[in-house]
Amino acid sequence: MSTSQRLNELYERLLEAYGPLNWWPGDSPFEVMVGAVLTQNTNWGNVEKAIANLKEAGALSLAAMSRLEPARLAGLIRPAGYYNLKAKRLANLLAMINQRYEGDLEWLFASPLEEMRRALMEVKGVGPETADSICLYAADKPVFVIDAYTFRILGRHGLAEEDMGYFELQELFMDALPHDPAMFNQFHAMLVHLGKDRCKKSNPRCEGCPAQDW
DNA sequence: CTCCAGTACG
DNA sequence: CGTACCGGAG
């Protein structure tokens, strides 16, 4: 079976097992974008606490967050860990949008995928996964997000080599699947769910896994 | 490869 | 207690 066929089969299996997941949690595109930075190497539960703090402080908008003192922002996002680093990364991101897009999120999100992606990647602290997460989940653009779960799951099933990079793995998916944001969203969401639920780093639960014998 | 750094869970 | 967490930069 070809790689493309295998990926499509995995999608069908996961959809059968999990159904529609309706990702990414967030009340607004701005909140989704902020969440993408805060969740870098961090448990989502901790990110939710940080976002709750930002909401309470009325800081969950581009204009409001841009006006915060760095130390104040860091204090609010403390529960997400790496708070000094992430406060700086958020500030870098907001500065880019304020400068290049005149503080207009709609403008950034309405620009073509490749342009938006490049603009995000130029921000210090925004790498490929964070940029793609923002493009897909905040701006609804057709790009497949690769993460540690995807590497682990595909590695364990012989579809990803040890030395494979982010873009190589992304190509695998983008070449095999229709470029549909809703489908990419659902697929990645299910991979994350599978990674948490079954394909854990240690003690994976393979019995009864939707991807068993895949 | 190391640092960043708080939280939850076994 | 150790491990892991929807990574990225130096």
Checklist entry - Is there a side-chain contact (heavy atoms from CB on, under 4.5 Å) between A/Glu31 and A/Lys55 once you walk through the steps? => result CA-CA 9 Å; A/Glu31 181 177 329; A/Lys55 270 185 184 159; 3.3 Å; yes
Please set out all donor-acceptor pairs under 3.5 angstrom arising from side-chain atoms of residues 131-138 of chain A, sequence neighbours excluded.
| from | atom 1 | to | atom 2 | distance (Å) |
| --- | --- | --- | --- | --- |
| A/Asp132 | OD1 | A/Arg117 | NE | 2.5 |
| A/Asp132 | OD1 | A/Arg117 | NH2 | 3.1 |
| A/Asp132 | OD2 | A/Arg117 | NH2 | 3.1 |
| A/Asp132 | OD2 | A/Tyr166 | OH | 2.6 |
| A/Asp132 | OD2 | A/Gln170 | NE2 | 2.9 |
| A/Ser133 | OG | A/Glu129 | O | 2.9 |
| A/Tyr137 | OH | A/Asn185 | O | 3.2 |
| A/Tyr137 | OH | A/His188 | ND1 | 2.9 |

Side-chain atoms of residues 36-43 of chain A: list all donor-acceptor pairs with protein atoms under 3.5 Å, sequence neighbours left out, distances to 0.1 Å.
| from | atom 1 | to | atom 2 | distance (Å) |
| --- | --- | --- | --- | --- |
| A/Thr39 | OG1 | A/Thr42 | O | 3.2 |
| A/Gln40 | OE1 | A/Arg89 | NH1 | 2.6 |
| A/Gln40 | NE2 | A/Gly125 | O | 3.0 |
| A/Gln40 | NE2 | A/Thr130 | OG1 | 3.0 |
| A/Asn41 | ND2 | A/Tyr82 | OH | 3.1 |
| A/Thr42 | OG1 | A/Gln40 | O | 2.8 |
| A/Thr42 | OG1 | A/Ala80 | O | 3.3 |
| A/Thr42 | OG1 | A/Lys86 | NZ | 2.7 |
| A/Asn43 | OD1 | A/Gly45 | N | 2.7 |

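By the side-chain contact (heavy atoms from CB on, under 4.5 Å) test, A/Tyr11 is found to be paired with A/Leu15, A/Met183, A/Gln186, A/Phe187, A/Met190, residues two or more places apart in sequence or in another chain being considered.
Mapping A/Gly195 and A/Thr130 onto DNA chain C by nearest heavy atom places A/Gly195 at the nucleotide closer to the 5' end. Mapping A/Met121 and A/Trp24 onto DNA chain C via the closest heavy atom, the residue that lands nearer the 5' end is A/Trp24.
Judged as a ring-ring contact (aromatic ring centres under 6.0 Å, His included), the pairs with a partner in residues 84-108 of chain A (not counting sequence neighbours) are, in order, A/Tyr101-A/Trp107.
Put simply, A/Lys124 has a side-chain N or O that comes within less than 4.0 Å of OP1 or OP2 on C/dG10.
Remark: the A/Asn98 side chain and the A/Ser66 side chain contain an N/O donor-acceptor pair separated by less than 3.5 Å.
For DNA chain B, the contact window with chain A, defined by any atom under 4.0 Å from a protein heavy atom, covers B/dC4 to B/dA8 in 5' to 3' order.
As judged by a 4.0 angstrom heavy-atom cut-off over every strand, A/Asn46 is placed among the base-contacting residues.
Look at the P atom in both B/dA5 and C/dG10: the space between them is 15 Å, to the nearest Å.
Here the CE-CD distance, from A/Met164 to A/Glu171, works out to 9.5 Å after rounding to the nearest 0.5 Å.
Taking a 4.0 Å limit (strictly below) on heavy-atom distances, residues 199-208 of chain A reaches DNA chain C at A/Lys201, A/Ser202.
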